[in-house]
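Not measured: the values here are computed from a predicted model.
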Amino acid sequence: MGAPRIAVAVVTMGNRPDEVDALLESVAKQDVPPERIVIVGNGCPLPDFARLSLPGEVTTVELDENLGCPGGRNAALARLREFGDIDVVVDLDDDGLLVDADVLRRVRDLYAADERLGIVGFRIADELGETQQRHVPRIGNSDPLRGGYVTGFLGGGHALRMAMLDEVGDWPAEFFFAHEETDLAWRAVDAGWRILYAPELLLRHPKTSPARHAIYFRVNARNRVWLARRRLPLALVPVHLGVWVLLTLARNRSGAGLRAWAGGFVEGVRESAGERRPMRWRTVWRLTRLGRPPVI
């Protein structure tokens, strides 16, 4: 089998033109260039990128409406499938930056060495080189420089094997924002694919809080309920949600935030969660053994 063919996908809402240019320039500096670059305008027009000296074939997709992070990424995947010549897609946040020139080469080599490697998660660090604990795919105060097999990954910078997506399905577009990575990760692990956290693959990203988004508390609660209803064995659904409710109440003091969270929780219970395809109990054990039991 030859070296995996790599594409880069970027989804943007058109409000970060300078950051997108800087990101694409960092992609252009990679010592192994991508075969294709797909840029999705999520409910916005895109500028002409011809002025940038970019490797591979550049394809732009302009969506009529903002479909959220997972919906935008699905649009990129659909276009890549039309071409049919890509093995691995690297998704990068539009305000991220590849600091090193060997990131795509390392991604290629990791996938070439392991045919059951489905997802590779990058390390996210801010301008000072610091990684927030919420960006480390392990529970507790974990060393962001310790790599290895994990049960989740970061949406800001990661790689996905197309064959894995063909088997387990694409992003849950109905989530729009929040927990879509966990939904995809659990499906991948349940199907026997491995997830690798590779901290040597660095994406520089501004230090942010997810609560900066106006819809954060509502969709975070709704999607957590949907995630449990879709993917957990029935006996674990109340356990998972009960633990999460207690942790949320202990951590949050904002009245407005809690009201939005409560509304999202009710929405998650009342509205359809979509397809229910619960993981097997052996997957629950595997997630637990890797340090992230699905009841937390």
Side-chain angles (χ1 to χ4, degrees), residues 1-9 11 32 34-36 38 69-70 72-81 83-93 103-124 135-138 146-173 175 179-201 203 227 230-232 275 277-294:
M1 182 177 179
R5 299 162 296 180
I6 296 176
V8 168
V11 178
V32 169
E35 301 288 337
R36 295 186 181 276
V38 177
C69 296
R73 288 172 179 156
N74 282 346
L77 291 174
R79 186 56 54 90
L80 289 173
R81 286 196 178 96
F83 294 125
D85 56 3
I86 293 300
D87 302 303
V88 174
V89 57
V90 174
D91 286 312
L92 301 172
D93 267 7
V103 173
L104 298 187
R105 173 165 54 84
R106 288 175 178 266
V107 168
R108 179 199 65 185
D109 293 347
L110 287 170
Y111 278 100
D114 184 355
E115 64 180 13
R116 293 304 296 173
L117 181 60
I119 303 173
V120 175
F122 294 11
R123 178 167 65 93
I124 306 292
H135 286 156
V136 182
R138 294 189 181 91
R146 180 168 68 90
Y149 292 117
V150 291
T151 65
F153 65 101
L154 302 176
H158 59 266
L160 307 172
R161 191 187 291 271
M162 296 292 288
M164 178 203 70
L165 294 170
D166 291 341
E167 178 181 351
V168 307
D170 293 347
W171 296 93
F175 278 34
H179 299 302
E180 66 269 17
E181 297 95 345
T182 305
D183 185 271
L184 179 54
W186 283 359
R187 282 182 278 138
V189 174
D190 196 45
W193 295 93
R194 285 187 277 270
I195 303 174
L196 179 70
Y197 173 55
E200 68 274 14
L201 306 176
L203 183 79
L227 176 69
R230 288 159 64 105
R231 305 300 172 208
L232 290 181
E275 171 201 34
R277 193 170 69 192
M279 68 178 70
R280 293 165 291 183
W281 281 102
R282 69 179 185 183
T283 303
V284 174
W285 167 244
R286 184 179 179 192
L287 294 173
T288 303
R289 184 168 53 84
L290 287 171
R292 193 67 185 252

(Q) Between R161 (side chain only) and L117 (backbone N and O only), is there a donor and an acceptor less than 3.5 Å apart? (A) yes
(Q) Would you say that W171 contacts L160 through its side chain, given a criterion of any heavy-atom pair below 4.5 Å between the two side chains? (A) yes
Q | Shortest non-hydrogen separation from P34 to L104 and the atoms involved | A | CD-CD1, 3.7 Å
Q: Using a 4.5 Å cut-off on heavy atoms from C-beta on, say whether the side chain of F83 contacts that of E35.
A: no
**Q.** Side-chain ion pair, R36 and D87, N-O less than 4.0 Å
**A.** no
Q: Hey, could you give me the NE2/CZ distance between H135 and R123, rounded to the nearest 0.5 Å?
A: 12.5 Å
Q) Out of curiosity, L77 CG to D91 CG, how far, rounded to the nearest 0.5 Å? A) 6.5 Å
Q) Would you say the side chain of R81 lies within less than 4.5 Å of the side chain of D166, judging by non-hydrogen atoms? A) yes
Q | Atom CZ of R282 with >12 non-hydrogen neighbours under 6.0 angstrom | A | no
Please table the atom pairs, donor to acceptor, closer than 3.5 Å between any side-chain atom in residues 179-189 and protein atoms at least two apart or in another chain.
unit_1, atom_1, unit_2, atom_2, d
H179, NE2, N220, O, 3.4
H179, NE2, N220, OD1, 2.7
E180, OE1, A178, N, 2.7
E181, OE2, G155, N, 3.4
D183, OD1, R187, NE, 2.9
D183, OD1, R187, NH2, 2.9
D183, OD2, R230, NE, 3.1
D183, OD2, R231, NE, 2.9
R187, NE, D183, O, 3.3
R187, NH1, V168, O, 2.9
R187, NH1, G169, O, 3.2
R187, NH1, D170, O, 3.1
R187, NH2, D170, O, 2.8

Q) Considering residues at least two apart in sequence or located in another chain, which fulfil the side-chain contact (heavy atoms from CB on, under 4.5 Å) criterion with P278? A) R276
**Q.** Shortest non-hydrogen contact from L80 toward A7
**A.** CD2-CB, 3.8 Å
Q. V88: what forms a side-chain contact (heavy atoms from CB on, under 4.5 Å) with it, not counting sequence neighbours?
A. P4, I6, V107, Y111, A159
Q. Can you name the residues that form a side-chain hydrogen bond (donor to acceptor under 3.5 Å, both in side chains) with R194, not counting sequence neighbours?
A. D114
Q | Which atom of F175 lies closest to which atom of L227, heavy atoms considered | A | CZ-N, 4.1 Å
Q. Between CG of N74 and CG of L165, what distance do you get to the nearest 0.5 Å?
A. 8.5 Å
Q. Under a 4.5 Å cut-off applied to non-hydrogen side-chain atoms, are M279 and L287 in contact?
A. yes
Q. Does CH2 belonging to W285 count more than 12 external heavy atoms closer than 6.0 Å?
A. no
Q. When you look at V150 and R292, which way does the side chain to side chain contact (heavy atoms under 4.5 Å, CB included) test go after all the steps?
A. CA-CA 8 Å; V150 291; R292 193 67 185 252; over 6 Å; no
Q.
In the structure I gave you, are the side-chain heavy atoms of V284 and P293 within less than 4.5 Å of one another anywhere?
A. no
Q. Listed by chain and number, what are the side-chain hydrogen bond (donor to acceptor under 3.5 Å, both in side chains) partners of R286, not counting sequence neighbours?
A. none
Q. In Å, rounded to the nearest 0.5 Å, how long is the span from NE2 of H158 to CD1 of I119?
A. 8.0 Å
**Q.** With sequence neighbours excluded, residues passing side-chain contact (heavy atoms from CB on, under 4.5 Å) with V32
**A.** R105, R108
Q) What heavy-atom pair brings V89 and A9 nearest, and what distance separates the two atoms? A) CG2-CB, 3.9 Å
Q) Looking only at heavy atoms, which two atoms of G147 and R138 are closest? And how far apart? A) O-NH2, 3.1 Å
